[in-house]
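Scroll down for the structure; my scribbles are underneath it.
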2 protein chains.
Amino acid sequence: MYISARADYALRAMLAVADTGSTDAGGGSGSGELVKAASLADSQAIPLSFLQGILLDLRRAGLLHSHRGTEGGYALTRAPAEISVGDVLRAVGGALTSVRGMPADRTGYHGVATGLRDVWLAVDGAIALVVDRTTLADLLADRAPAP
Amino acid sequence: MYISARADYALRAMLAVADTGSTDAGGGSGSGELVKAASLADSQAIPLSFLQGILLDLRRAGLLHSHRGTEGGYALTRAPAEISVGDVLRAVGGALTSVRGMPADRTGYHGVATGLRDVWLAVDGAIALVVDRTTLADLLADRAPAP
DNA sequence: CAGTATTCCTATTTAGTTGGTAGGAAGAGT
DNA sequence: ACTCTTCCTACCAACTAAATAGGAATACTG
């Protein structure tokens with residue numbers, strides 16, 4: 001499995017939103033749950049303009065709610081316990097496992113290689129089992145997924 | 001998980017070697033177990049000169065034995081039941097799961113993202129469980145890995 | 001109603017990887 | 001010698017990822 005910088009940043013940003021959304025640690029006026037992109041970029045050392053594109057993906061995937069203007073920012077649409085790592089990965093990266101750029105279930109093998117398709121499907125299922133069972137709340141509470 | 005063309009070709013080539021090594025279906029003189037690179041490239045539709053580099057990796061990893069000259073070719077160093085899919089993947093691609101190019105166990109997270117490392121390690125373990133338990137013999141006999 | 005802060009969106013640049021090719025040099029048989 | 005095949009190196013083209021820049025749209029403030 002390859003975790004791109006985009007996916008890595010997305011997860012870290014979601015964790016930071018979840019964290020500052022529950023514990024009121026803002027340095028500004030402390031008005032509510034909205035976290036600014038600049039604040040996220042700073043706390044997790046992510047290039048701001050790159051992060052903005054990622055936040056856009058997360059919003060389009062329905063994981064974030066955004067608000068413009070002076071007191072704008074981002075917030076989770078669901079509770080941290082209701083958002084899994086897999087949700088975030090799929091929002092920014094498409095399929096979990098791909099073979100030469102194509103999703104695992106669209107591979108076509110011939111001859112002796114026919115069985116390979118089932119291997120990739122099994123791998124995809126195994127990955128999904130881990131990332132779909134781990135939520136943002138688990139990560140914030142330091143509950144590691146079962147090995 | 002991302003399966004590169006290199007990894008895909010490597011597995012198909014290994015399966016083809018395993019197949020023609022056991023069932024004597026060669027069209028030439030039928031002298032023995034050695035399979036030529038050109039024959040592999042033809043049977044699985046792989047560019048020959050690209051395949052040669054892959055076969056070299058597989059040989060250096062100790063999975064293939066090669067012989068030069070007129071009656072040269074490639075053969076497995078172990079029985080198909082003793083070679084796993086994971087062996088082949090690691091021979092050509094390095095680590096199974098990588099985060100931004102680095103192996104999963106060399107990641108460093110700070111603050112709220114600390115728990116991410118354990119997720120990647122769990123994913124790596126889940127993938128390894130599938131690919132290390134599936135052998136070339138399983139694939140040739142159409143025995144799919146457990147879902 | 002200006003003014004400002006902020007999200008939002010697109011286009012561009014830059015660097016690295018991947019897929020694939022070419023051309024020999026070295027070894028093995030006839 | 002001659003032929004066949006593996007071996008090895010260097011190279012090119014296309015693509016993707018990562019990051020940057022610059023502007024529209026939107027919402028609050030005075």
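Every chain is numbered from 1, with letters handed out A, B, ... down the list of sequences. Small disclaimer: the values here were computed from a predicted structure and weren't measured.
- For Arg68(A), whose side chain is taken as the heavy atoms from C-beta onward, the closest listed nucleotide among dG19(C), dA25(D), dT6(D) is dA25(D).
- Here the side chain of Ser4(B) is nearest to one of dA18(D), dT5(D), dG19(C), namely dG19(C).
- The shortest distance between the side-chain N/O atoms of Arg6(B) and the OP1/OP2 oxygens of dG19(C) is not below 4.0 Å.
- Computed from coordinates, the Glu71(B) CD to dT6(D) P distance equals 11 Å when rounded to whole Å.
- Protein atom NE2 of His65(B) is 12 Å distant from nucleotide atom P of dT6(D), rounded to whole Å.
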Item to check | Residue pair Arg117(A), Asp105(A): steps toward the salt bridge (Lys or Arg N to Asp or Glu O under 4.0 Å) verdict | outcome: CA-CA 7 Å; Arg117(A) 180 189 148 97; Asp105(A) 55 352; over 6 Å; no

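- Note on Arg60(B): a side-chain N or O is less than 4.0 Å away from OP1 or OP2 of dC8(D).
- Summarising the geometry, the separation between CG on Leu56(B) and P on dT9(D) is reported as 9 Å, rounded to the nearest angstrom.
- Ranking dG20(C), dA18(D), dC7(D) by closeness to the Tyr74(B) side chain, first place goes to dC7(D).
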Checklist entry - Yes or no on salt bridge (Lys or Arg N to Asp or Glu O under 4.0 Å) for Asp19(A) and Arg12(A), after CA distance, side-chain angles and deciding distance? => result CA-CA 10 Å; Asp19(A) 188 57; Arg12(A) 282 156 59 185; over 6 Å; no

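- Distance CG (Leu34(A)) to C1' (dC28(D)): 13 Å, rounded to an integer number of Å.
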Next on the checklist: Please evaluate residues Leu15(A) and Leu116(B) with respect to the criterion side-chain contact (heavy atoms from CB on, under 4.5 Å), reporting the C-alpha separation (whole Å), side-chain torsions for both, the decisive distance (0.1 Å), and the verdict.
Outcome noted: CA-CA 10 Å; Leu15(A) 286 169; Leu116(B) 277 180; 4.1 Å; yes

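- Here dT3(D) is the nucleotide among dC28(D), dG20(C), dT3(D) with the atom lying nearest to any side-chain atom of Thr70(B).
- dG19(C) atom C1' lies 14 Å from atom CG of Asp57(B), rounded to whole Å.
- Using modelled atom types and a 3.5 Å distance limit, the side chains of Ser84(B) and Asp87(B) yield a donor-acceptor pair.
- Comparing Gln52(A) and Tyr9(A) by the nucleotide of DNA chain D whose heavy atom lies nearest to each, the residue mapping closer to the 5' end is Tyr9(A).
- At whole-Å resolution of the value, CG in Leu51(B) and C1' in dT5(D) are 13 Å apart.
- Between the CG atom of Leu48(A) and the P atom of dA21(D) there is a distance of 12 Å, given to the nearest Å.
- Looking at Asp118(B) and Tyr109(B), their side chains never bring a donor and an acceptor atom within 3.5 Å of each other.
- Distance, Met102(A) CE to dT18(C) C1': 17 Å, rounded to whole Å.
- Using a 4.0 Å heavy-atom distance criterion, Ala37(B) is classed as a sugar-phosphate-only contact.
- Taking side-chain N and O atoms only, His67(A) has a distance below 4.0 Å to OP1 or OP2 of dC28(D).
- With the nearest nucleotide of DNA chain C identified for both Lys36(A) and Ser49(B), Lys36(A) has the one nearer the 5' end.
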